[in-house]
Amino acid sequence: MPRAGRQHAAVWSVAASVVVLGFVAVLALVTQRPDPTLLVNGTAQDAPATIVVDAPYEPAVVDLRQFEMTSALEDHIALLDAQISAARVYAASPERVRQMETTRAQLTDSLQRVSYAQTLLSF
């Protein structure tokens, strides 16, 4: 491709990128929800007279012990997944792969039970 052709293609590419970026910016502005502070008591011109404003955001309380337990199980399962994949690639003995898969299944069951128990405790 001649140099002039490459420059022409680059200019059109940049122009198309700018147009798409502008379109995304306009789309983001158009679809953005209005600020609720502007709509309190129906003061905005296009807002209805009665507006229900959501309650202020309250942070959730998280029990880090529960999070730590599930995270540890998930990390151990991910480690076993990597070991199982490596064992298959490097042709480990079928007995070793089967043992790791059994351990992974047990850990997955444990994770499901812990998650279920945490759900029950949250009620």
Side-chain angles (χ1 to χ4, degrees):
M1 181 179 245
R3 183 173 182 209
R6 283 187 296 210
Q7 286 179 342
H8 187 69
V11 168
W12 278 106
S13 176
V14 169
S17 298
V18 169
V19 168
V20 168
L21 185 61
F23 177 73
V24 169
V26 169
L27 185 64
L29 287 173
V30 170
T31 59
Q32 189 175 19
R33 287 181 42 179
D35 186 9
T37 58
L38 298 176
L39 300 178
V40 174
N41 297 327
T43 56
Q45 293 178 0
D46 59 344
T50 57
I51 293 179
V52 178
V53 178
D54 294 335
Y57 172 76
E58 294 183 22
V61 178
V62 177
D63 185 1
L64 292 180
R65 291 174 293 164
Q66 292 177 354
F67 177 74
E68 183 179 346
M69 184 181 298
T70 56
S71 293
L73 283 170
E74 289 169 347
D75 290 345
H76 199 94
I77 291 169
L79 178 64
L80 273 173
D81 284 341
Q83 289 174 346
I84 291 169
S85 295
R88 287 182 180 151
V89 167
Y90 295 111
S93 69
E95 178 60 33
R96 179 70 180 139
V97 173
R98 191 171 25 260
Q99 182 184 21
M100 286 190 290
E101 288 173 340
T102 302
T103 303
R104 186 194 185 284
Q106 291 170 348
L107 284 173
T108 303
D109 289 342
S110 296
L111 178 61
Q112 288 175 349
R113 288 185 184 125
V114 167
S115 296
Y116 181 70
Q118 289 174 354
T119 302
L120 289 178
L121 288 173
S122 67
F123 289 123

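Just the heavy atoms: all of them, side chains too, but no hydrogens, waters or symmetry mates, feed the values below.
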Check your understanding: What residues, two or more places apart in sequence or in another chain, satisfy salt bridge (charged side-chain N to carboxylate O under 4.0 Å, His left out) together with R88?
Key ->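 Per chain and number, R88 pairs via salt bridge (charged side-chain N to carboxylate O under 4.0 Å, His left out) with E101.
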In Å, rounded to the nearest 0.5 Å, how long is the span from [atom1] of [X] to [atom2] of [Y]?
X	Y	atom1	atom2	value
L80	T102	CG	OG1	10.5 Å
T108	H76	OG1	NE2	10.5 Å
L73	Q112	CG	CD	11.0 Å
S115	L120	OG	CG	11.0 Å
I84	Q99	CD1	CD	10.5 Å
T70	D75	OG1	CG	9.5 Å

Review point. Does CE in M69 sit with more than 12 non-hydrogen atoms of other residues, nucleotides or ligands closer than 6.0 Å?
Key: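 For M69, atom CE is not crowded (no more than 12 foreign heavy atoms under 6.0 Å).
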**Study point:** Inter- and intrachain pairs under salt bridge (charged side-chain N to carboxylate O under 4.0 Å, His left out), touching residues 103-123, at least two apart
**Key:**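 Only D81-R104 qualify under salt bridge (charged side-chain N to carboxylate O under 4.0 Å, His left out).
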